[in-house]
Amino acid sequence: MKKVRGVYLRGGKAYIRYRDEHGNLVRESTEQRSLKFAEDLLAKRRTEVAEGRHFPTKQFDRVSFKELLDDWWEKHGQHTRSRFVYHLPKIRENFDARRAREIDADCVENFLDKLEKDELSASSINKYRTILCSTFNFAIKRDKFDRNPVSAVPQRKEPPGRDRFLSAEDFRKLIAECKSDPALHAFVWIAATTGARKGELLPRKWSEVQLDGNSPHIYVPRSKNGRPKRLSLAAEAITALRALPSLEEEEYVFPADRGNVRFTGKQMHLWDMRKPFQAACTRAGIEGLRIHDLRHMATTILFLSGIPEAIIRKLTGHRSRELERYEHLSPGLKRQTVDLIALALSEKSTTTDTPASEDKIKPVEVVERIGGDDGARTRDLRRDRPAF
């Protein structure tokens, strides 16, 4: 049989080779040995390209999901702050052996249902969905696949945020139980007084901590929102930090336990304190408290103390919408609000239709009219405030 340009055999199967509408070379397997079938398919493809009807979906039929996932992880997934590394094993176990084309919406839905039967929370299930969805979207943007089957699968509905508020009395009980563990004692003091996240505190190095001078602080190069910030330190937090064994001995404030047989040398600092924290809560008789609730407590105390929202956002790194939940954490704050309304409406109120004095409204006018990119409201505030 006469050899046709663009048709060849490899591994016992016939392949065709042609250029698409963009001039890119395309190689496609016919999945059989027949050269006559390959010639006909090649002529069809060339006609489709010439008429603008070429749809190169056939080349994606043999792409494995593992190829897409490896590419996503190398170029995107491992560089995020979402800790997807803990979810990858289960994803690989269920999908690595499949072709990407074999994964459809029903397949993904069944996988998520299985996770739900294993009693995983809705937020955890959604993280697995996020990995799958991001992998396909990443491949589509780079012309390595043509569709995303996960887009048809809705996210699991997550419960509303927790409204757990730790009272000052309970905090004193908790901190007393933390004294036996210097690292936990320092961590709880810092978390409770700064409202910082666990992931912002545990990776800190001593080179980022300033204990002396007029403005003791911890410098966080990158917070969750991507911006750096300085966490001002209270006297109790400074005392607890000075008592740490790692001071002048280790690079990290909270170094990893070298005696742990699981320590690999890659994680040089602690990444969690859940177990010792929960043990301290149990000894103090406190139930249902998590480390992140210390952040809630700090933010709520600032609200109850009348600290302006702009300053709270600067201290804790919250967005404005995130702060809305804290306005309702304490019954005392609700009571203060309704009392203010009642005072304005009651006969005892001295409010009149005349405008307020200039001295009273001037600060409000300044706050509303002048703003800064870093969250500062006025030039005076930006110049005179302590380094947050």
Side-chain angles (χ1 to χ4, degrees), residues 1-80 82 84-85 87-115 127-154:
M1 186 175 182
K2 184 180 179 180
K3 186 176 181 180
V4 178
R5 182 180 178 85
V7 176
Y8 59 97
L9 289 173
R10 178 176 293 173
K13 292 183 180 180
Y15 285 78
I16 61 174
R17 181 175 57 241
Y18 59 95
R19 294 192 178 276
D20 62 15
E21 62 270 25
H22 303 294
N24 299 320
L25 192 63
V26 179
R27 293 180 176 84
E28 183 178 334
S29 172
T30 64
E31 299 295 334
Q32 51 185 289
R33 187 176 178 81
S34 173
L35 294 177
K36 180 65 172 65
F37 178 81
E39 291 179 22
D40 294 340
L41 182 60
L42 177 61
K44 179 181 178 182
R45 291 287 185 261
R46 286 174 174 171
T47 301
E48 290 173 347
V49 171
E51 296 179 353
R53 297 184 294 106
H54 179 234
F55 301 98
T57 57
K58 191 76 175 178
Q59 60 182 305
F60 300 131
D61 288 350
R62 295 183 61 82
V63 174
S64 68
F65 177 78
K66 185 179 184 302
E67 295 176 38
L68 303 183
L69 183 62
D70 289 344
D71 185 61
W72 170 83
W73 178 251
E74 178 184 354
K75 299 176 181 178
H76 177 71
Q78 66 176 331
H79 304 297
T80 67
S82 301
F84 288 133
V85 64
H87 301 83
L88 275 182
K90 195 175 290 292
I91 292 286
R92 293 192 180 281
E93 178 185 345
N94 285 269
F95 296 100
D96 262 11
R98 306 186 186 190
R99 294 183 181 179
R101 189 67 83 202
E102 296 173 354
I103 302 175
D104 55 18
D106 290 337
C107 175
V108 175
E109 189 74 58
N110 292 336
F111 171 66
L112 300 184
D113 288 342
K114 180 181 177 182
L115 296 178
K127 287 183 179 179
Y128 286 101
R129 181 194 176 278
T130 296
I131 293 176
L132 293 170
C133 189
S134 181
T135 298
F136 281 107
N137 283 337
F138 189 84
I140 292 172
K141 290 178 181 178
R142 285 155 181 77
D143 296 325
K144 296 183 177 181
F145 205 63
D146 59 338
R147 63 181 181 86
N148 182 2
V150 189
S151 59
V153 181

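These values consider heavy atoms only, across backbone and side chains, with no hydrogens, waters or symmetry-generated copies.
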Checklist entry - So how far is it from Asn137 CG to Leu132 CG, rounded to the nearest 0.5 Å? => result 11.0 Å

Checklist entry - Could you state the interatomic distance from CH2 (Trp72) to CD1 (Ile131), rounded to the nearest 0.5 Å? => result 5.0 Å

Checklist entry - Is His79 reaching over with its side chain to a backbone N or O of Trp73, donor-acceptor style, under 3.5 angstrom? => result no

Next on the checklist: Does any part of the side chain of Arg101, heavy atoms only, come nearer than 4.5 Å to the side chain of Pro149, both counted from C-beta?
Outcome noted: no

Checklist entry - Less than 4.5 Å apart, any side-chain heavy atom of Glu39 and any of Thr30? => result no

Item to check | Intermediate values then yes/no, side chain to side chain contact (heavy atoms under 4.5 Å, CB included), Arg147 and Phe60 | outcome: CA-CA 10 Å; Arg147 63 181 181 86; Phe60 300 131; over 6 Å; no

Next on the checklist: As a quick check of understanding, evaluate side chain to side chain contact (heavy atoms under 4.5 Å, CB included) for Val26 and Arg45, giving each step before the final call.
Outcome noted: CA-CA 10 Å; Val26 179; Arg45 291 287 185 261; over 6 Å; no

Checklist outcome for this item: Between His76 and Ser134, the two heavy atoms sitting closest are CD2-OG, 3.9 Å

Checklist entry - About how many Å separate CG of Asp20 and CD of Glu48, when rounded to the nearest 0.5 Å? => result 12.0 Å

Checklist entry - Pick one: which of Ile140, Asn148, Leu69 meets side-chain contact (heavy atoms from CB on, under 4.5 Å) with Thr135? => result Leu69

Checklist entry - For the residue pair Phe145 and Phe65, is the inter-centroid distance of their aromatic rings smaller than 6.0 Å? => result no

Checklist entry - With side chains defined as the heavy atoms from C-beta onward, is the minimum distance between Leu68 and Val63 less than 4.5 Å? => result yes

Item to check | salt bridge (charged side-chain N to carboxylate O under 4.0 Å, His left out) between Lys36 and Asp40, intermediate numbers included | outcome: CA-CA 6 Å; Lys36 180 65 172 65; Asp40 294 340; 3.1 Å; yes

Next on the checklist: Go through it in stages, so that I can follow the logic: the residues are Val85 and Gln78, the test is side chain to side chain contact (heavy atoms under 4.5 Å, CB included), and I'd like the CA-CA distance, side-chain angles, deciding distance and then a yes or no.
Outcome noted: CA-CA 7 Å; Val85 64; Gln78 66 176 331; over 6 Å; no

Checklist entry - Hey, what do you get for OH (Tyr8) to CG (Leu35), rounding to the nearest 0.5 Å? => result 12.5 Å

Checklist outcome for this item: The single option from Lys66, Lys141, Arg142, Lys144 that satisfies salt bridge (charged side-chain N to carboxylate O under 4.0 Å, His left out) with Asp71 is Lys144

Checklist entry - Of all heavy-atom pairs between Lys13 and Ser29, which one has the smallest distance, and what is that distance? => result CD-OG, 4.3 Å

Item to check | side chain to side chain contact (heavy atoms under 4.5 Å, CB included) between Phe95 and Cys107, worked out | outcome: CA-CA 10 Å; Phe95 296 100; Cys107 175; 3.7 Å; yes

Checklist entry - Do the side chains of Lys114 and Asn94 get nearer than 4.5 Å, heavy atoms only? => result yes

Checklist outcome for this item: Distance col, row Lys75:NZ vs Asp70:CG, nearest 0.5 angstrom, shows 11.0 Å

Checklist entry - Which of these, Glu28, Arg46, Arg27, sits in a side chain to side chain donor-acceptor pair (under 3.5 Å) with Tyr18? => result Glu28

Item to check | Closest heavy-atom pair and its distance - Ile16, Ala38 | outcome: CG2-O, 3.3 Å

Next on the checklist: Under a 4.0 Å threshold between the charged nitrogen and the carboxylate oxygen, would Arg62 count as salt-bridged to Glu67?
Outcome noted: no

Checklist entry - Do Leu115 and Phe111 come within less than 4.5 Å of each other through their side chains, counting heavy atoms only? => result yes

Checklist outcome for this item: Looking only at heavy atoms, the pair that brings His87 and Tyr128 closest together is O-CE2, 3.3 Å

